[in-house]
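Worksheet: one structure, shown below.
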Protein chains: 2
Amino acid sequence: MAKQELSIGALGKLTGTKVETIRFYEKIGILPAPARTAGNYRSYGHDHVRRLTFVRRVRDLGFPLETVRAMLDLADQPDRPCGEVDALVLGQLNEVERKIADLERLRDELDRLAHQCRRGGRVAECRIIEALSPHHEDGHCCP
Amino acid sequence: MAKQELSIGALGKLTGTKVETIRFYEKIGILPAPARTAGNYRSYGHDHVRRLTFVRRVRDLGFPLETVRAMLDLADQPDRPCGEVDALVLGQLNEVERKIADLERLRDELDRLAHQCRRGGRVAECRIIEALSPHHEDGHCCP
DNA sequence: ATGGACCCTGGAGTTACTACAGGGTCAAGA
DNA sequence: TCTTGACCCTGTAGTAACTCCAGGGTCCAT
Ligand SMILES: [Zn+2]
Ligand SMILES: [Zn+2]
Ligand SMILES: [Zn+2]
Ligand SMILES: [Zn+2]
């Protein structure tokens with residue numbers, strides 16, 4: 001492969017992306033289809049490296065692919081106002097903060113649950129199972 | 001529907017589960033197939049209410065369905081030692097703590113990113129886009 | 001010329017649901 | 001009695017973002 005031209009495997013190594021993922025991004029239009037060699041191998045250049053690196057960075061920040069697409073669009077139109085970019089980042093920040101709060105509540109519940117078990121007993125006496133089981137008697141639920 | 005017998009919709013309301021989800025749980029063997037009425041409607045009793053409530057509680061704690069299945073198995077065999085239950089809970093606790101740590105790192109990065117944008121500019125000068133873009137020059141990546 | 005590392009396409013599998021489409025059932029009101 | 005609307009049935013396909021596989025081709029070195 002010529003200088004400045006990368007095979008799909010080389011591009012993957014360079015960007016920390018699996019080969020299948022690169023082909024997937026091409027199929028859904030996140031990455032443009034590259035040139036092909038005589039043997040029908042994909043052949044990537046600098047623009048592809050730049051674009052895929054950008055995509056991976058944004059993905060690693062937890063943005064969905066739809067947002068990646070929006071950011072690529074914005075990055076390609078330098079004259080648009082950049083408030084939209086800011087809004088995307090703030091939206092993701094909120095999302096992440098919401099998820100953290102959810103998981104912290106979950107962690108507290110699991111922690112309480114974990115302390116219920118005095119190990120060594122049988123399932124029949126397990127407080128964890130008990131705590132998870134509904135105390136449901138006849139007539140409690142069904143009118 | 002007779003006393004003590006619930007339609008799928010009533011069971012859903014009682015347990016906070018969508019009708020489709022209940023049918024899905026039946027298909028994958030999480031819930032046993034209930035009796036049917038003359039008109040071929042599913043007809044649920046107390047055991048179903050108890051079991052589905054248990055499933056939902058475990059799911060709400062973030063356990064995957066595979067673990068739900070394991071817990072149901074354990075709950076059905078009261079003579080097994082309960083260390084296994086404890087292990088499942090501790091495993092999930094670790095998992096949740098790992099996710100929280102990941103998200104906190106993400107939040108910090110997003111927070112830094114959000115402060116880069118002095119709003120009102122054009123995308124061309126946006127520091128967010130710049131921060132996400134690789135500084136990739138010719139010869140930098142390709143041997 | 002032959003072996004192994006790499007590449008190709010197309011399709012299926014993953015998780016835990018959710019959303020139809022195209023029908024049947026049931027109870028209540030006019 | 002008829003009809004209307006809420007509910008139920010099955011079966012299939014769609015979601016997010018990949019990941020894996022089968023069954024083949026290409027390339028390079030020995
Ligand atoms: Zn226990
Ligand atoms: Zn009941
Ligand atoms: Zn900006
Ligand atoms: Zn390069």
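Note that this is a predicted model, so its numbers are computed, not measured. Naming convention: chains lettered A, B, ... in sequence-line order (proteins, then strands); numbering from 1 in each chain.
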*With heavy atoms under 4.0 Å as the rule, sort Phe63(B) into base, sugar-phosphate or nothing.*
nothing

*Value in whole Å for how far the P atom of dT10(D) lies from CZ of Phe24(B)*: 16 Å

*Picking from dT12(D), dC20(D), dC18(D), which would you name as closest to the side chain of Lys27(B)?*
dT12(D)

*Let me know the distance between CD of Glu66(B) and C1' of dA16(C), rounded to the nearest Å.*
13 Å

*Does Asp111(B) come within less than 4.0 Å of Arg107(B), counting only side-chain N to carboxylate O?*
no

*Taking CG from Leu52(A) and P from dC18(D), how many angstroms apart are they, rounded to a whole number?*
11 Å

*Polar side-chain atom of Arg59(B) near backbone of Val68(B) as donor-acceptor pair, under 3.5 Å*: no

*Distance-only donor-acceptor check, side chains Arg51(B) and Tyr44(B), under 3.5 Å*: no

*Hey, are Arg105(A) and Glu109(A) close enough for a salt bridge, meaning a charged N less than 4.0 Å from a carboxylate O?*
no

*Rounded to whole angstrom units, what separation is found between the CD atom of Glu20(A) and the C1' atom of dA16(D)?*
17 Å

*Respond yes when some side-chain nitrogen or oxygen of Thr37(B) is under 4.0 Å from OP1 or OP2 of dT25(C), and no when none is.*
no

*asked:* Categorize Arg56(A) for me: base, sugar-phosphate, or nothing, with a 4.0 angstrom heavy-atom threshold over every strand shown.
replied: sugar-phosphate

*Starting at the 5' end of nucleotides 1-8 of chain C, put B wherever the base has a protein heavy atom under 4.0 Å, S where only the sugar-phosphate does, and a dash everywhere else.*
-----BSS

*Using atom CG of Leu31(B) as one end and atom C1' of dC17(C) as the other, report the distance to the nearest whole Å.*
14 Å

*dA19(C) P sits how many Å from Ile22(B) CD1, rounded?*
15 Å

_Salt bridge check, Arg127(B) against Asp86(A): does any charged N sit closer than 4.0 Å to a carboxylate O?_
no

*Charged N to carboxylate O under 4.0 angstrom, Glu26(A) versus Arg23(A)?*
no

*How many Å lie between CD on Glu26(A) and P on dG10(C), as a whole number?*
11 Å

_Nearest-angstrom distance from the residue atom OH of Tyr44(B) to C1' of dC7(D)_ = 14 Å

_Donor-acceptor pair, side chain of Thr21(A) and main chain of Thr17(A), under 3.5 angstrom_ = no

*Upstream residue (5' side of DNA chain C) when Lys18(B) and Ala38(B) are each assigned their closest nucleotide*: Lys18(B)

